[in-house]
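The first residue of the sequence shown is numbered 1, and numbering continues consecutively from there.
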Amino acid sequence: MSKGISSAAFVLFAAVCIFAGCSIKEDRSQCPCILELDFSGNGRFDRLDFGVSSGDDFLYRDMVGNRDFGQPYRLEVPRSGVYLNVYSFASSDGRADGYGGGAAVMGETEFIDSDRTSLTIPLGRECPPVYMYSSRIDTGKEMHSEYVLLRKNYSVLFIRLLSESASPLVLAVGGKIDGYGLDGAPEEGDFYVKPEVNEDGYCEVRIPRQKDGALRLTISDEEGVLREFALGEYIIASGYDWTAADLEDVEMVIDYAKTGVVFSIKDWEKTVTTEVVI
């Protein structure tokens with residue numbers, strides 16, 4: 001009799017233990033998320049520099065060479081969410097060759113902030129020829145895979161200046177975007193650069209992605225500023241899309257040889273009729 005009671009009690013005890021074991025789940029909310037980065041679609045680049053940041057107490061920086069793009073890159077990140085910013089630069093002939101290009105990429109590392117999560121253009125410098133990928137990633141799970149594909153995040157203004165002025169003219173481009181922030185969006189700050197105009201009237205200047213028509217163009221001679229123009233508004237009016245994934249370059253002709261100034265961008269033309277004294 002007592003043996004039967006002991007057996008029944010054992011079965012009941014075992015059932016309670018099994019039920020309790022199934023109902024108690026491990027709390028993994030404090031465990032890190034495994035972030036897997038897929039760089040395989042960026043074979044045109046020699047090297048990628050990237051930073052991962054939570055915006056406060058987590059920061060991870062590294063670089064990956066072309067031969068390793070095909071291998072998933074894994075790291076542990078906090079579950080609170082992170083910002084990812086990946087960079088590479090074009091060479092002097094326009095090829096997307098990481099830091100392996102010529103003079104156009106010398107010193108480009110100075111543009112990337114020390115945490116590699118943002119990019120700032122020093123006053124007086126043009127935008128670096130940067131290709132970027134930026135993302136705010138939800139890491140509130142055990143693993144997240146992110147496909148990284150860099151896109152062209154600068155535009156080259158190719159300008160031809162037609163002028164009958166006896167003295168050389170100086171161009172300057174100014175704006176209110178001086179780089180890219182933690183989220184990869186254009187960052188507000190002063191931008192100002194004077195491109196060198198050659199003897200045939202050609203010059204070019206790289207500018208960052210814009211949020212509005214704030215870009216200004218000034219034309220000066222040896223005596224000072226002659227005129228200032230709403231360059232950004234003209235570019236937008238020509239149909240240019242600053243929200244495109246890959247920014248297009250802009251070819252512009254400025255005819256400064258008349259009593260007015262004519263801006264031509266593709267099939268769009270703007271005439272400023274105010275008389276110009278040269």
Inset, instruction - State the CG-CZ distance between L123 and R125, to the nearest 0.5 angstrom. - result: 11.5 Å

Legend entry - K152 backbone acceptor or donor facing D246 side chain under 3.5 Å: yes

Legend entry - Side chain to side chain, I254 and V262, heavy atoms closer than 4.5 Å: no

Inset, instruction - Answer yes if Y73 and M63 sit in the same cluster of Ile, Leu, Val, Met, Phe, Trp and Tyr residues linked by side chain heavy atoms under 4.5 Å apart, and no otherwise. - result: no

Inset, instruction - Mark yes or no for whether R206, through its side chain, and C127, through its backbone, hold a donor-acceptor pair below 3.5 Å. - result: yes

Legend entry - Pairwise distance CD(E204) to CG(N198) - rounded to 0.5 angstrom: 10.0 Å

Inset, instruction - Return yes when atom OH of Y202 has more than 12 non-hydrogen atoms of other residues, nucleotides or ligands closer than 6.0 Å, and no otherwise. - result: no

Side-chain donor-acceptor distances from residues 181-194 under 3.5 Å, at least two apart:
| residue | atom | partner | partner atom | Å |
| --- | --- | --- | --- | --- |
| D183 | OD1 | A185 | N | 3.0 |
| E188 | OE2 | K211 | NZ | 3.2 |
| D190 | OD1 | K176 | NZ | 3.4 |

Inset, instruction - Given side-chain contact (heavy atoms from CB on, under 4.5 Å), test L162 with V253 step by step and report yes or no. - result: CA-CA 7 Å; L162 304 177; V253 177; 3.9 Å; yes

Inset, instruction - Mind checking the CZ-CD1 spacing from R61 to I112? Nearest 0.5 Å is all I need. - result: 11.5 Å

Legend entry - Residue pair T117 / N85, side-chain donor-acceptor N/O under 3.5 Å: no

N/O donor to acceptor pairs below 3.5 angstrom from side-chain atoms of residues 31-41, sequence neighbours left out:
| residue | atom | partner | partner atom | Å |
| --- | --- | --- | --- | --- |
| E36 | OE1 | R74 | NE | 2.8 |
| E36 | OE1 | R74 | NH2 | 2.8 |
| E36 | OE2 | S145 | OG | 3.3 |
| D38 | OD1 | S40 | N | 3.0 |
| D38 | OD1 | S40 | OG | 2.7 |

Legend entry - Pairwise distance OG(S88) to CZ(R44) - rounded to 0.5 angstrom: 9.0 Å

Inset, instruction - First locate atom OG of S163, then atom CD1 of I219, and finally report the distance between them rounded to the nearest 0.5 Å. - result: 8.0 Å

Inset, instruction - Would you mind checking if D68 and R47 are paired as a salt bridge, meaning a charged N to carboxylate O distance below 4.0 Å? - result: no

Inset, instruction - Can you establish whether the number of heavy atoms outside D56 located under 6.0 Å from its atom CG is more than 12? - result: yes

Legend entry - Spacing of F89 atom CZ and Y154 atom OH [to the nearest 0.5 Å]: 10.5 Å

Legend entry - Nearest atoms (heavy-atom pairs only) where F111 meets P122: CE2-CD, 3.3 Å

Legend entry - Backbone of R209 reached by a side-chain donor or acceptor of Y180 within 3.5 Å: yes

Legend entry - Closest contact, heavy atoms only, Y240 versus L247: OH-CB, 3.6 Å

Inset, instruction - Carefully, step by step, assess Y256 and L169 under the rule side-chain contact (heavy atoms from CB on, under 4.5 Å). - result: CA-CA 10 Å; Y256 204 82; L169 298 180; 3.8 Å; yes

Legend entry - Side chain to side chain, I137 and H144, heavy atoms closer than 4.5 Å: yes

Inset, instruction - Go through C203 and L161 one step at a time and tell me if the side-chain contact (heavy atoms from CB on, under 4.5 Å) criterion holds. - result: CA-CA 8 Å; C203 70; L161 177 62; over 6 Å; no

Legend entry - Minimum side-chain heavy-atom gap W242-D212 below 4.5 Å: no

Inset, instruction - Go through S155 and E248 one step at a time and tell me if the side-chain hydrogen bond (donor to acceptor under 3.5 Å, both in side chains) criterion holds. - result: CA-CA 6 Å; S155 175; E248 294 184 352; over 6 Å; no

Inset, instruction - Check whether the side chains of Y60 and E76 place a donor and an acceptor atom closer than 3.5 Å, and report yes or no. - result: no

Legend entry - Co-membership, hydrophobic cluster, residues V225 and V261, 4.5 Å side-chain: no

Inset, instruction - Look at the side-chain heavy atoms of Ile, Leu, Val, Met, Phe, Trp and Tyr, link any pair under 4.5 Å apart, and say whether V77 and Y133 land in one connected group. - result: yes

Legend entry - Any donor-acceptor pair under 3.5 Å from D249 side chain to F158 backbone: no

Inset, instruction - For E126 and I121, work out which heavy atoms get closest and say how close. - result: O-CG2, 3.6 Å

Inset, instruction - On the 0 to 90° scale, with breaks at 30° and 60°, tag the W268-Y234 ring pair as parallel, tilted or perpendicular. - result: tilted

Inset, instruction - Say whether, by atom type as modelled, one donor and one acceptor occur between the side chain of T218 and the main chain of E228 under 3.5 angstrom. - result: no

Inset, instruction - Say whether, by atom type as modelled, one donor and one acceptor occur between the side chain of R79 and the main chain of K141 under 3.5 angstrom. - result: yes

Legend entry - Pair F45 + Y131: ring centers closer than 6.0 Å: yes

Inset, instruction - For residues K266 and S238, determine if any side-chain heavy atom of one lies less than 4.5 Å from a side-chain heavy atom of the other. - result: no

Inset, instruction - Under the side chain to side chain contact (heavy atoms under 4.5 Å, CB included) rule, collect the residues that match up with D57, sequence neighbours excluded. - result: S54

Inset, instruction - Mark yes or no for whether N42, through its side chain, and V148, through its backbone, hold a donor-acceptor pair below 3.5 Å. - result: yes

Legend entry - Verify same cluster id: I265, L157 (apolar side-chain graph, 4.5 Å): yes

Inset, instruction - Locate the shortest heavy-atom distance separating E223 from D221; write the atom from each residue and the value. - result: N-OD1, 2.9 Å

Inset, instruction - Please answer whether the main-chain N or O of F50 pairs with a side-chain N or O of D62 as donor and acceptor at a distance below 3.5 Å. - result: no

Inset, instruction - Answer whether the closest heavy-atom distance between the side chains of D113 and L119 falls below 4.5 Å. - result: no

Inset, instruction - Evaluate the side-chain proximity of T120 to D178: yes if any heavy-atom separation is below 4.5 Å, no if none is. - result: yes

Inset, instruction - Would you mind reporting whether V156 and V250 have side-chain heavy atoms less than 4.5 Å apart? - result: no

Inset, instruction - Decide whether L59 and L84 are clustered together by the hydrophobic rule: side chain heavy atoms of Ile, Leu, Val, Met, Phe, Trp, Tyr closer than 4.5 Å, transitively. - result: no

Inset, instruction - Would you mind reporting whether F229 and R216 have side-chain heavy atoms less than 4.5 Å apart? - result: no

